[in-house]
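Below is one structure, written out as structure tokens; comments come after it.
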Amino acid sequence: MAAGSSNYWEDLRKQARQLENELDLKLVSFSKLCTSYSHSNSREGRRDRYSSDTTPLLNGSSQDHMFETMAVEIEQLLTKLTGVNDKMAEYSSTAGVTSINAALMHTLQRHRDILQDYTHEFHKTKANFQAIREREDLLGSVRKDIESYKTGSGVNNRRTELFLKEHEHLRSSDRLIEETISIAMATKENMTSQRGLLKSIQSRMNTLANRFPAVNSLIQRINLRKRRDSLILGSVIGICTILLLLYAFH
């Protein structure tokens with residue numbers, strides 16, 4: 001009976017790890033799709049002044065379809081991973097299991113943390129993509145209005161020229177913001193990978209701390225310094241972003 005229960009738990013852990021690996025790959029591709037969508041629409045916006053709107057619209061429609069498809073796939077994977085975590089929680093709460101192996105709860109909590117991180121990252125990337133798409137739709141409408149004004153009446157050339165200059169200023173500011181977002185997303189991906197490595201190290205250190213209580217105080221000091229460094233890094237990134245935005249709009 002114990003062997004059967006152990007095999008059931010290992011099967012659940014294997015399913016959870018497989019789903020987590022698939023989600024990690026999907027989220028990386030999802031983030032790259034968001035970044036490429038922003039850059040491609042910026043290039044298409046510049047080409048719109050010299051060519052027809054047919055190709056950009058088709059390209060945007062294709063990317064929108066890819067976005068919707070990947071979003072559905074990631075949501076399905078998150079649902080499956082949630083189901084596996086629920087089964088693990090149900091198994092760990094079975095009478096007698098907790099007393100046999102207390103490490104089950106630690107393993108379950110670790111998988112729950114990973115699920116929460118992936119869910120948060122998915123919703124954040126999805127919101128960024130939708131914001132970029134709405135902004136591009138708005139700028140596309142402005143471009144169409146400008147073209148309509150230019151072709152409909154070429155009377156007030158001075159006003160049209162000022163309007164075009166203001167539009168170019170907005171586009172340059174928009175490109176600067178997009179570059180800032182791309183840098184931030186790349187930094188986030190790097191920090192996410194480092195966070196996974198640190199979690200693995202921390203898990204091993206916790207095991208050592210349980211065996212050697214003298215190490216526990218050292219781990220606490222390391223954790224305090226890590227949180228302090230994270231706050232400093234977050235503050236620096238926030239200040240740099242604010243300065244870039246102020247520079248862009250002045």
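In what follows, every heavy atom counts, from backbone to side chain, and hydrogens, waters and symmetry copies are set aside.
Distance check, rounded to the nearest 0.5 Å: CG of Leu108 to CD of Glu90 gives 12.0 Å. Considering CG of Asp117 and CG of Leu23, their distance stands at 11.5 Å, rounded to 0.5 Å. With values rounded to the nearest 0.5 angstrom, Glu189 atom CD is found 10.0 Å from Leu27 atom CG. The distance from the CZ atom of Phe67 to the CG atom of Leu33 is 8.0 Å, given to the nearest 0.5 Å. With rounding to the nearest 0.5 Å, the separation of CG in Leu164 from CZ in Arg171 is 13.0 Å. With rounding to the nearest 0.5 angstrom, the NZ atom of Lys26 is 7.5 Å from the CD1 atom of Ile74.
Side chains of Arg227 and Leu231 form no contact here, defined as non-hydrogen atoms less than 4.5 Å apart. Leu115 has its side chain within reach of Thr119: a pair of non-hydrogen atoms, C-beta onward, lies under 4.5 Å apart. The shortest side-chain heavy-atom distance between Arg13 and His111 falls under the 4.5 Å cut-off. Counting only heavy atoms from C-beta outward, the side chains of Glu178 and Arg135 approach each other to under 4.5 Å.
For Arg17, the CZ atom counts as densely surrounded, since its 6.0 Å shell holds more than 12 non-hydrogen atoms of other residues, nucleotides or ligands. More than 12 non-hydrogen atoms from other residues, nucleotides or ligands lie less than 6.0 angstrom from NZ of Lys226.
Considering only residues two or more places apart in sequence or on other chains, Glu75 meets the side-chain contact (heavy atoms from CB on, under 4.5 Å) condition with Phe122, Lys126. Not counting sequence neighbours, the partners of Ile177 by the side-chain contact (heavy atoms from CB on, under 4.5 Å) test are Ile181, Leu245, Phe249. With sequence neighbours excluded, no residue forms a side-chain hydrogen bond (donor to acceptor under 3.5 Å, both in side chains) with Gln15.
For the side chain to side chain contact (heavy atoms under 4.5 Å, CB included) with Leu19, the lone residue among Leu78, Asn85, Leu77 that qualifies is Leu77.
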Show your reasoning for whether side-chain hydrogen bond (donor to acceptor under 3.5 Å, both in side chains) applies to Thr192 and Glu121. CA-CA 10 Å; Thr192 300; Glu121 183 177 353; 4.7 Å; no

